[in-house]
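Data block below; observations after.
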Amino acid sequence: MPGGVMTGRFWLLKSEPSTYSIADLERDGHTAWDGVRNYRARNLIRDQLAVDDLAIFYHSSVEPPGAAGLLRIAARPVPDRSQFDARSPFFDPRATRDAPRWWSVEVAFVERFATIVPLGILKEHPELSGMMVTQRGARLSIQPVEPSHFRVVLRLARARLHARTRRIPV
DNA sequence: GCCAACGTTGGC
DNA sequence: GCCAACGTTGGC
């Protein structure tokens, strides 16, 4: 990692860049990761994500899909406010303040990769054959990432940067 | 836009 | 508690 040792656990958070991209997070600095309406992902937010954990910001439903940058978990999880907002597309009439169903977490910008590391590239690497995002049908929007997989993705992000830089005529 | 793989809902 | 029907995700 830039300027430090990697500690804590690693994650991958998916977002459609047409909704919210790594460029948006770079501009905003931090944002509430809300609107998650899947129980497994909810459980990870509520029970597993820890402050200062690092995550790959993954762009989905775009060409190409892939790893776009890094973010950091910035705070403890809180009930997702959008579940109580009748005008929100994420409104959930079954949720109450006493028994919230959905949780969100504040995340902070860490890094925007110089170039996206496309899913197709991730799938080419044997070291990533066990990574959840490279599996067929892996729809979970918040995924745990093995430290070794995390490092390989970082290495690929740097390698792509260098490959590009080398092509620039002097 | 297609459609396979997933998730959720709701009748029974 | 099963499972068919429906809805969604997301790569292609």
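Just so we're on the same page: letters track the sequence lines, and every chain starts at 1. Computed from a predicted model, the values in this text were never measured in an experiment.
For A:K123 and C:dG10, the NZ to C1' distance is 10 Å, given to the nearest whole Å. One interatomic measurement links the two molecules: CG of A:L12 to P of C:dG11, which rounds to 11 Å at whole-angstrom precision. As a whole-Å value, the separation of A:N38 CG from B:dC6 P is 13 Å. Between the CE atom of A:M132 and the P atom of C:dG11 there is a distance of 15 Å, rounded to whole Å. Look at CD1 on A:I142: it is 14 Å from P on C:dT9, rounded to the nearest Å. When rounded to the nearest whole Å, the span between CZ of A:R37 and C1' of B:dG7 equals 15 Å. Whole-Å rounding puts the A:M131 CE to C:dG11 C1' distance at 16 Å. A straight line from CZ of A:R42 to C1' of B:dT8 spans 13 Å, rounded to a whole angstrom.
Checked by distance alone, A:R139 brings a side-chain donor or acceptor within 3.5 Å of a matching partner on the base of B:dA5.
A sub-4.0 Å separation between OP1 or OP2 of C:dG10 and a side-chain N or O of A:K14 is present. Remark: A:Y58 is not in phosphate contact with C:dT9, judged by side-chain N or O atoms under 4.0 Å from OP1 or OP2.
Ion pairing between a basic and an acidic side chain is recognised when a charged N comes within 4.0 Å of a carboxylate O; A:R72 and A:E106 show no such pairing.
Closest to the side chain of A:Y39, from the set B:dT9, C:dG11, C:dG10, is B:dT9.
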_Trace of the side-chain hydrogen bond (donor to acceptor under 3.5 Å, both in side chains) decision for A:D98 with A:T96_ = CA-CA 5 Å; A:D98 286 341; A:T96 66; 5.6 Å; no
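Nearest-nucleotide positions on DNA chain B for A:L140 and A:R136 put A:R136 closer to the 5' end.
When the shell of 6.0 Å around CZ of A:R101 is examined, it contains more than 12 heavy atoms from other residues, nucleotides or ligands.
Under the side chain to side chain contact (heavy atoms under 4.5 Å, CB included) test applied with A:L54, the options A:L70, A:V110, A:V145 reduce to a single match, A:V110.
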